[in-house]
K.L.:
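This is the structure I have questions about; it appears just below.
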Amino acid sequence: RWSTGKSNCNHRRIGKMDIMLREELSKIYSAVPEGDCSGCGRCCHESVGASFAEAELIYQDIKAMPAEKRKQIIDRILDYYFDVYQIRRKCPFLSPENRCEIYASRPLNCRIYGHWSRQEYENNLDRLKCSNDKISQVLIEKYGYKVKQDYLDFSIGFCNDFRGRLLSRDERNELYDSLIVLDSKMFVRLGLRLAYEDKGIVEHIVDRLLSKEKIFEIKMRGELSPGMMNRLKNIAVLRIGAV
């Protein structure tokens, strides 16, 4: 986790950077071509990767939500995280009406979905499947934990309805590089000794609120009871709602 004994100081300093981050991210996002999306929500069935800067603004946007809405989002985030490797849940930021709850601050991966060629998209799915299979083998060998097969087999198919200019691999990599540079600037300004990590939004948020390592250990041992899950949810809601 990035928080340290100086976490309160770091949080205040991060708060002062929000405007700068929004401006910097807006510049990066402006390079993504406009597209025509039907709004079906089929692409919102998993937690996409996000940079540290993107996750920070999403975290701040969650904090700014009304208390009831904030609790709903946090509950969905933790349900998603608790069920990783067993149940493929929809993105926790997708509302029952199929609308994104963080649309203004959604990360780059959401913004460029649809701007891939079919071949590149399917090649990326193959790469992700190989990666997931390797992770599942490690979990079996190291912890005796078996990932459900339908979880491994799940994938979000290529969107045939989206209309927009395709981005080349070089263009996508340039956008991702810009996020890495922005993260590095943040780490320097905040005095954080971190390396860039490719993590999902859910992981970023849980990392801010709870000990992922502890949850992981409990989950691997099969000791994550409903009662414990409710206690962890209550702790997370209290922490994100704290001034």
Side-chain angles (χ1 to χ4, degrees), residues 35 37-51 54-55 58 73 75-102 106-162 164 166-167 169 172-173 176 197-207 212-213 215-226 229 232-233:
C37 171
S38 66
C40 67
R42 288 195 301 269
C43 59
C44 304
H45 278 62
E46 63 183 1
S47 173
V48 301
S51 71
E54 291 178 311
I58 292 170
I73 294 290
D75 281 354
R76 295 205 299 259
I77 285 173
L78 292 179
D79 281 337
Y80 187 106
Y81 186 75
F82 292 145
D83 288 335
V84 164
Y85 305 138
Q86 294 300 315
I87 300 174
R88 285 284 186 176
R89 291 184 177 272
K90 294 181 180 181
C91 173
F93 298 105
L94 187 67
S95 75
E97 295 76 33
N98 259 11
R99 293 292 177 265
C100 179
E101 306 267 23
I102 54 164
R106 70 197 188 281
L108 179 64
N109 276 323
C110 295
R111 295 169 188 266
I112 66 172
Y113 179 81
H115 292 284
W116 294 60
S117 70
R118 177 184 289 275
Q119 187 60 58
E120 285 188 315
Y121 186 83
E122 292 180 350
N123 288 343
N124 189 55
L125 284 182
D126 290 340
R127 179 185 64 81
L128 291 174
K129 187 177 187 322
C130 288
S131 176
N132 289 340
D133 288 342
K134 289 178 182 178
I135 292 172
S136 69
Q137 281 301 117
V138 171
L139 292 177
I140 290 175
E141 295 168 3
K142 190 171 182 178
Y143 302 100
Y145 185 92
K146 184 171 177 58
V147 180
K148 283 193 174 180
Q149 191 60 44
D150 57 356
Y151 182 93
L152 292 172
D153 292 340
F154 174 85
S155 65
I156 296 174
F158 181 79
C159 182
N160 292 304
D161 300 327
F162 181 85
L166 301 183
L167 290 169
R169 180 182 301 176
R172 295 196 305 273
N173 287 339
Y176 288 127
E197 290 185 273
D198 183 13
K199 297 195 294 189
I201 306 173
V202 165
E203 290 181 282
H204 278 292
I205 301 302
V206 175
D207 218 14
K212 288 195 313 176
E213 293 80 6
I215 295 174
F216 181 81
E217 291 174 7
I218 295 171
K219 183 178 177 67
M220 290 299 103
R221 294 196 302 264
E223 298 174 359
L224 193 58
S225 66
M229 288 169 60
L232 290 172
K233 286 181 179 181

K.L.:
Minimum heavy-atom separation for Ile218 to Leu224, with atom names?
P.N.:
CG2-N, 3.5 Å
K.L.:
Rounded to the nearest 0.5 Å, what separation is found between the CG atom of Leu128 and the CD1 atom of Ile135?
P.N.:
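Atom-to-atom, Leu128:CG and Ile135:CD1 are 9.5 Å apart.
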K.L.:
Search all heavy atoms of Ala50 against all heavy atoms of Ile201 and return the closest pair with its distance.
P.N.:
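Heavy atoms of Ala50 and Ile201 come nearest at CB-CG1, 3.8 Å.
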K.L.:
Within a strict 4.5 Å, meaning less than it, do heavy atoms of the Leu108 and Cys110 side chains meet?
P.N.:
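With C-beta onward as the side chain, the pair stays apart.
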K.L.:
Can you measure from CD1 (Ile87) to NZ (Lys148) and round to the nearest 0.5 angstrom?
P.N.:
6.0 Å
K.L.:
Does Arg169 CZ have over 12 foreign heavy atoms under 6.0 Å away?
P.N.:
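Not buried by this count: 12 neighbours or fewer within 6.0 Å.
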K.L.:
With side-chain contact (heavy atoms from CB on, under 4.5 Å) as the test, would you mind laying out the steps for Ile73 and Glu101 before giving the verdict?
P.N.:
CA-CA 9 Å; Ile73 294 290; Glu101 306 267 23; 3.9 Å; yes
K.L.:
So, Asn123 side chain and Gln119 main chain: donor-acceptor pair closer than 3.5 Å or not?
P.N.:
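The answer is yes, because a donor-acceptor pair under 3.5 Å joins these two groups.
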K.L.:
With side-chain contact (heavy atoms from CB on, under 4.5 Å) as the test, would you mind laying out the steps for Tyr145 and Ile140 before giving the verdict?
P.N.:
CA-CA 5 Å; Tyr145 185 92; Ile140 290 175; over 6 Å; no
K.L.:
List the residues meeting side chain to side chain donor-acceptor pair (under 3.5 Å) with Asn98, not counting sequence neighbours, and say none if there are none.
P.N.:
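Asn98 satisfies side chain to side chain donor-acceptor pair (under 3.5 Å) with no residue once adjacent residues are dropped.
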K.L.:
Just verifying a value: how many Å separate Arg99 CZ and Cys44 SG, rounded to the nearest 0.5 Å?
P.N.:
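Going from the CZ atom of Arg99 to the SG atom of Cys44 covers 10.0 Å.
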K.L.:
If you take all heavy atoms of Ile156 and Leu125, which pair is closest and at what distance?
P.N.:
O-CD1, 3.8 Å
K.L.:
Do you know the tightest heavy-atom contact between Gln86 and Val147?
P.N.:
NE2-CA, 4.1 Å
K.L.:
Test Phe93 against Ile58 for side-chain contact (heavy atoms from CB on, under 4.5 Å), laying out the working first.
P.N.:
CA-CA 10 Å; Phe93 298 105; Ile58 292 170; 3.9 Å; yes
K.L.:
How far apart are the closest heavy atoms of Ser117 and Phe158, and which atoms are they?
P.N.:
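It is C-CE1, 3.8 Å.
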K.L.:
Report the residues that fulfil ring-ring contact (aromatic ring centres under 6.0 Å, His included) with Phe154, sequence neighbours left out, ordered by chain and then residue number.
P.N.:
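ring-ring contact (aromatic ring centres under 6.0 Å, His included) check on Phe154 returns nothing, list empty.
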K.L.:
Of all residues at least two apart in sequence or in a different chain, which pass the salt bridge (charged side-chain N to carboxylate O under 4.0 Å, His left out) check with Arg88?
P.N.:
Glu46
K.L.:
Please list, chain by chain and in numerical order, all residues satisfying side chain to side chain donor-acceptor pair (under 3.5 Å) with Glu141, sequence neighbours excluded.
P.N.:
none
K.L.:
For the side chain of Tyr80 and the backbone of Ser47, is there at least one donor-acceptor N/O pair under 3.5 Å apart?
P.N.:
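Yes, the answer is positive, given that a donor and an acceptor are paired below the 3.5 Å cut-off.
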K.L.:
Does anything in residues 127-136 pair up under side chain to side chain donor-acceptor pair (under 3.5 Å), and if so which pairs, sequence neighbours excluded?
P.N.:
Asn124-Arg127, Lys129-Asp133
K.L.:
Could you tell me which residues satisfy side chain to side chain donor-acceptor pair (under 3.5 Å) with Glu217, sequence neighbours excluded, listed by chain and number?
P.N.:
none
K.L.:
List the steps, then state whether side-chain contact (heavy atoms from CB on, under 4.5 Å) holds for Tyr81 with Ile215.
P.N.:
CA-CA 9 Å; Tyr81 186 75; Ile215 295 174; 3.8 Å; yes
K.L.:
Among all residues two or more places apart in sequence or in another chain, which pass the side chain to side chain donor-acceptor pair (under 3.5 Å) test with Arg42?
P.N.:
Asp161
K.L.:
Quick one: closest heavy-atom pair of Asn109 and Gly49, and the distance?
P.N.:
ND2-O, 2.9 Å
K.L.:
Any side-chain heavy atom of Pro92 within less than 4.5 Å of one from Val202?
P.N.:
yes
K.L.:
Please assess Ser95 against Glu97 for the test side-chain hydrogen bond (donor to acceptor under 3.5 Å, both in side chains), listing each intermediate value before the final yes or no.
P.N.:
CA-CA 5 Å; Ser95 75; Glu97 295 76 33; 3.3 Å; yes
K.L.:
How many angstroms lie between atom NZ of Lys199 and atom OG of Ser51, to the nearest 0.5 angstrom?
P.N.:
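Answer for the NZ-OG pair, Lys199 versus Ser51, is 11.0 Å.
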K.L.:
Just to verify, what does Phe216 make a side-chain contact (heavy atoms from CB on, under 4.5 Å) with, not counting sequence neighbours?
P.N.:
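Once residues adjacent in sequence are excluded, the partners of Phe216 under the side-chain contact (heavy atoms from CB on, under 4.5 Å) criterion are Tyr85, Leu139, Tyr143, Met220.
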K.L.:
Who pairs with Arg111 by salt bridge (charged side-chain N to carboxylate O under 4.0 Å, His left out), at least two apart in sequence or on another chain?
P.N.:
none
K.L.:
CG/Asp207 to NZ/Lys212 distance, rounded to the nearest 0.5 angstrom?
P.N.:
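Rounded to the nearest 0.5 Å, the CG-NZ separation comes out at 4.5 Å.
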K.L.:
In Å, rounded to the nearest 0.5 Å, how long is the span from NZ of Lys233 to CG of Asp75?
P.N.:
4.5 Å
K.L.:
Name all residues meeting the salt bridge (charged side-chain N to carboxylate O under 4.0 Å, His left out) criterion together with Lys219; count only those two or more places apart in sequence or in a different chain, and write none if there are none.
P.N.:
none
K.L.:
Can you list everything that forms a ring-ring contact (aromatic ring centres under 6.0 Å, His included) with Phe162? Sequence neighbours excluded, please.
P.N.:
His115
K.L.:
Under a 4.0 Å threshold between the charged nitrogen and the carboxylate oxygen, would Arg106 count as salt-bridged to Glu54?
P.N.:
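The answer is no: the pair does not qualify as a salt bridge.
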K.L.:
List the residues meeting ring-ring contact (aromatic ring centres under 6.0 Å, His included) with Phe82, not counting sequence neighbours, and say none if there are none.
P.N.:
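Testing Phe82 for ring-ring contact (aromatic ring centres under 6.0 Å, His included), a comparison that skips the adjacent residues, returns none.
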K.L.:
Are any of the side-chain heavy atoms of Arg172 and Ile112 separated by less than 4.5 Å?
P.N.:
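SC-SC contact between Arg172 and Ile112 confirmed.
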